2 protein chains.
Amino acid sequence: MEKKRPFDCGVTRSMEVIGGKWKINILWAISRGEPIRFNQLKRAVQGITNVMLTRSLKELIAYNLVKKKDFNTIPPHVEYSLTEKGASLVPILRTLDQWGKKNL
Amino acid sequence: MEKKRPFDCGVTRSMEVIGGKWKINILWAISRGEPIRFNQLKRAVQGITNVMLTRSLKELIAYNLVKKKDFNTIPPHVEYSLTEKGASLVPILRTLDQWGKKNL
DNA sequence: CTGTATCCATGACGATACTG
DNA sequence: CAGTATCGTCATGGATACAG
């Protein structure tokens, strides 16, 4: 999802997670009220469409930052929550958040 | 240089700095050997072109993370170094770097 | 309710040549 | 040495309709 970068440093790899337009907000929305269902998430992340929410969640799950529980019912019922790895990223994002608010 | 984001959180604003393809590497190159001249920087950030280096530096200067000293000589001689603000970002990037290396 | 299938716009990124 | 001018490409993001 990211263009190729010159060096394979850790920040570069982290950017694959926080670099998209929605993924940070999705992570925060999940961390606030996990577990959370698809449509709750859609309401929490204002302005996001089905397409983008689905895409972003797939990536987050692929990175193992978010996990999905599917109840296999009809109508469908799924729940998203953070993995340990995902939870470990949140404090770092908060630091960045504070820096951004203070310095930009 | 970034697409509009849904919320104006600090991370979002920070992303304007670390979101580009080159800016992180430029920041690191400067922090390693400041002050540094244009062509030194170009060699340090492998693969970057004049165009992208100039563009990125302009943004970093606009955010007040990098400052430029122009000696106004012929041939030209300029030097780039980090501002305090820029220097304050580096440790955070290191944290992200470690997280990325460990978790991705 | 939780997605998928299409098709399209925009802008970040870049190759190349040129300049004071 | 330190840039600028042009012009092209392609990925990201999105609107809309539809499906199980």
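Here the structure is a predicted model, which means the values were calculated and not measured. By convention in this document, chain letters (A, B, ...) are assigned in the order of the sequence lines, proteins followed by strands, and residues within each chain are numbered from 1.
At a threshold of 4.5 Å between non-hydrogen side-chain atoms, the residues B:Y63 and B:L89 do not count as touching. Between A:L53 and A:V45 there is no side-chain heavy-atom pair separated by less than 4.5 Å. For the pair A:E79 and A:K68, the minimum side-chain heavy-atom distance is 4.5 Å or more. Side chains of B:L41 and B:R37 form no contact here, defined as non-hydrogen atoms less than 4.5 Å apart.
A:V51 comes within contact range of at least one nucleobase, with a heavy-atom separation under 4.0 Å.
Going from atom CD1 of A:I74 over to atom P of D:dA19 covers 17 Å, rounded to whole Å. Taking atom CD1 of B:I61 as the reference point, atom C1' of D:dA2 lies 12 Å away to the nearest angstrom. Atom NZ in B:K21 sits about 10 Å away from atom C1' in C:dA12, given to the nearest Å. One can place NZ of B:K42 at 13 Å from P of D:dT4, the figure rounded to the nearest angstrom. Taking atom CG of A:L41 as the reference point, atom C1' of C:dC1 lies 14 Å away to the nearest angstrom. Between the P atom of D:dC7 and the CG atom of B:N50 lies a distance of 19 Å, rounded to the nearest Å. We find that CD of B:Q40 is positioned 8 Å from P of D:dA2, with the value rounded to whole Å. Going from atom CE of A:M52 over to atom C1' of C:dT2 covers 17 Å, rounded to whole Å.
Atoms CG and OG, from B:L104 and A:S14 in turn, are 5.5 Å apart once rounded to the nearest 0.5 Å.
Between A:Y80 and C:dC1 there is no side-chain N or O to OP1 or OP2 distance below 4.0 Å. Dashed line: the shortest gap from a side-chain N or O of A:N39 to OP1 or OP2 of C:dC1 is under 4.0 Å. Residue B:R37 places no side-chain N or O under 4.0 Å from the OP1 or OP2 atom of D:dC1. Of the side-chain N and O atoms in B:W22, one or more sit less than 4.0 angstrom from OP1 or OP2 of C:dG14. OP1 or OP2 of C:dG3 lies within a sub-4.0 Å distance of a side-chain N or O belonging to A:K68.
The base of D:dG14 sits with one of its N or O atoms less than 3.5 Å from a complementary donor or acceptor on the side chain of A:R55.
Along DNA chain C, the nucleotide nearest to A:P76 and the one nearest to B:T49 differ in position, and the one closer to the 5' end is contacted by A:P76.
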